[in-house]
Amino acid sequence: MFGRLREALNRASEHIARGIVDTLAYKELKPEDLEPVLDDILIDLVESDVALEAAESIVAGVKEGLTGYRVRRGEPVEKVVRDALRKALLTLLDPGPRPDLAAEARRRCGGRPLVILFLGVNGTGKTTTIAKVAYMLRKAGVTPVIAAADTFRAGAQEQLAVHAEKLGVPIVRGRYGGDPASVAYDAVKHAESRGFCAVLVDTAGRMHVDSNLVEELRKIVRVVKPDYKILVVDSLTGNDAVEQARLFDEAVGVDGVIVTKVDADPKGGTLVSVAHAIRKPILYIGTGQRYEDLRPFDPQKIVDQLLG
Ligand SMILES: Nc1nc2c(ncn2[C@@H]2O[C@H](COP(=O)(O)OP(=O)(O)OP(=O)(O)O)[C@@H](O)[C@H]2O)c(=O)[nH]1
């Protein structure tokens, strides 16, 4: 009996000793340990053009995640916080696998083509981006049909036709003032009957607050049931890009985003703001004016850039 008592006492004293060593070696992070570092991070993010709302929410998430977290005494809190921030940014920017549009289009050859609808306000680089995607698909051996369904802005169809001719891809056009949904429909039928595997549908991009535009987009979606609705935003427009992302997402639902003019934006904060606003993946970034200047989005690279 005394033997068992001694064993129990030994175990208890070991446990206490371990607890003392633990308390001496580790500490739990408190909000006041984190705040000075997080305040600096908030400023860094905002200075990199991350929208204040997004920056505050990311910082609050890191603070919540680290409060009560045990670190070795003497371990620099700044490193712990910056590691957690990196993880939070990567989770935000890399929400899951991104579609391989060329592979998906190829699988559709001979059946219903892959239909991709491009959304975005004028001047964001939508026309150029459609041409870049057409070029990318062509290079991968898939010829798409372009549907010039912006029947509103004078010159929009001609601008796309110039690209289509240079790229050697067919284009289906309508008459100005006509029904964009019918242009999109005709393009899908054309692709189906001639065996093209993808259709890239341009849409009007006049003032996003214009409710006619929203109705028009909804009708196109009803008629051609796109596989992907891709929003094109301009990296240099910061908060406007965020607002556009929300509006288009609410209006018709956005599946993915292409951010243009990233070559002219050394900071890249808009990518974080847009991803945070609508929680949709960024698929590609535009990095110049040539057809080749469309890159798959690399979240790691942007995070490295943001965190210096
Ligand atoms: N540097 C740079 N310029 C780009 C990029 N994408 C587009 N542009 C330029 O941005 C300008 C506007 O592009 P468009 O494709 O005409 O824009 P849009 O959205 O169709 O706008 P509208 O033509 O007004 O409807 C053009 O001068 C493009 O060459 C990019 O990734 N980087």
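Ligands are counted one by one from 1 in listed order, and the atoms in each one are counted from 1 as well.
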Would you check whether [X] has a nitrogen or oxygen atom less than 3.5 angstrom from a nitrogen or oxygen atom of ligand 1?
X    : answer
K126 : yes
D293 : no
G288 : yes

[atom]: which protein heavy atom is closest, and how many Å away?
atom                    : result
atom 1 (N) of ligand 1  : D263 OD2, 2.8 Å
atom 28 (C) of ligand 1 : T128 OG1, 3.5 Å
atom 20 (O) of ligand 1 : T127 OG1, 2.3 Å
atom 13 (O) of ligand 1 : G125 CA, 3.3 Å
atom 16 (O) of ligand 1 : Q159 NE2, 2.9 Å
atom 8 (N) of ligand 1  : K261 CE, 3.8 Å

Checklist entry - Has G123 got any heavy atom lying under 4.0 angstrom from an atom of ligand 1? => result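 G123 counts as a contact of ligand 1 under the 4.0 Å cut-off.
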
Counting from 1, what ligand 1 atoms have a heavy atom of [X] closer than 4.0 Å?
X    : answer
T124 : 19 (O)
T287 : 31 (O)
G286 : 31 (O)
N122 : 21 (O), 24 (O), 25 (O)

Next on the checklist: Listing request: all ring pair (Phe, Tyr, Trp, His ring centres under 6.0 Å) pairs with a residue in residues 161-182, at least two apart in sequence or in separate chains.
Outcome noted: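 Applying ring pair (Phe, Tyr, Trp, His ring centres under 6.0 Å) to every pair that reaches into residues 161-182, excluding sequence neighbours, yields H163-Y291.
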
Item to check | Residue selection (non-hydrogen contact nearest atom 6 (N) of ligand 1) among Q289, R153, K132, H163 | outcome: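 Of the listed residues, K132 has the closest heavy atom.
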
Item to check | R295 CZ: over 12 foreign heavy atoms closer than 6.0 Å | outcome: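 Not more than 12 within 6.0 Å, no.
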
How long is the span from the [atom1] atom in [X] to the [atom2] atom in [Y], to the nearest 0.5 Å?
X    : Y    : atom1 : atom2 : answer
K63  : L29  : NZ    : CG    : 12.5 Å
C197 : L137 : SG    : CG    : 9.5 Å
L119 : L213 : CG    : CG    : 9.0 Å

Checklist entry - Tell me, do T203 and I220 make a side-chain contact under 4.5 Å, heavy atoms counted? => result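 Yes, side chains in contact.
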
Checklist entry - So, D263 and T287: side-chain donor and acceptor under 3.5 Å apart, yes or no? => result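 Side chains of D263 and T287: no pair found under 3.5 Å.
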
Item to check | Side-chain donor-acceptor contact under 3.5 Å, R70 with Y26 | outcome: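 Absent: no donor and acceptor within the cut-off.
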
Item to check | With sequence neighbours excluded, residues passing side-chain hydrogen bond (donor to acceptor under 3.5 Å, both in side chains) with K30 | outcome: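 Testing K30 for side-chain hydrogen bond (donor to acceptor under 3.5 Å, both in side chains), a comparison that skips the adjacent residues, returns none.
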
Checklist entry - Is K87 salt-bridged to D83, cutoff N-O under 4.0 Å? => result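 Here K87 does not pair with D83 in a salt bridge, since their nearest N and O are not under 4.0 Å apart.
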
